[in-house]
Structures are given as C-alpha cells and as structure tokens.
Amino acid sequence: MSTPSIQRPTTTAFFVQAALSFGLVFVVSSAFTLAKCVRDRQEVEEVTNRVDKARIDKLLIEQDVFKPGV
C-alpha cells in the first residue's frame, strides 16, 4: 500500500523569490555578455587602427619627398 503524496500549493513569496532570482541571474549573465561584446569590438578596432597606421607609415616611407632625382 502506498502513501498518498501531499502536494502543497506554491506560495506567493516563493513565486516572487523564484522570479527575482531568475531576473537577477538573467541580468548578470546579460551584463557579462554585453561586456564581452564591447571588449571584442574594441579589440577589433584597435587591431584595425594598428594595421591602418602601419600602412600609412609604409606609404610615407616609400614616398620619401627628400629623395634626390624625383
């Protein structure tokens, strides 16, 4: 013979606590994701700026205005 299980109704306080916990976890994970996206974009811009600067430096070296015979 099995004993019947008693199912207690969910209280409002428990529901509010569960919703707030989910909201806090969601906000924290979203903040980390946003921070990573911003950091990645800054790194790409930094690399692009370095490549552009290297290209400009190379062009300036190749186009030496003080070179005789031009």
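Remark: Arg55 CZ is loosely packed, at most 12 non-hydrogen atoms of other residues, nucleotides or ligands lying under 6.0 Å away.
By the salt bridge (charged side-chain N to carboxylate O under 4.0 Å, His left out) test, Asp57 pairs with Lys53, sequence neighbours left out.
Note that NZ of Lys58 and CD1 of Ile61 are 10.0 Å apart. Values are rounded to the nearest 0.5 Å. Between Arg50 atom CZ and Glu46 atom CD the span is 4.5 Å, to the nearest 0.5 Å. Taking SG of Cys37 as the start and CZ of Phe32 as the end, the distance is 13.5 Å to the nearest 0.5 Å.
A salt bridge is absent between Glu45 and Arg41: the closest approach of a Lys/Arg side-chain nitrogen to an acidic carboxylate oxygen does not fall below 4.0 angstrom.
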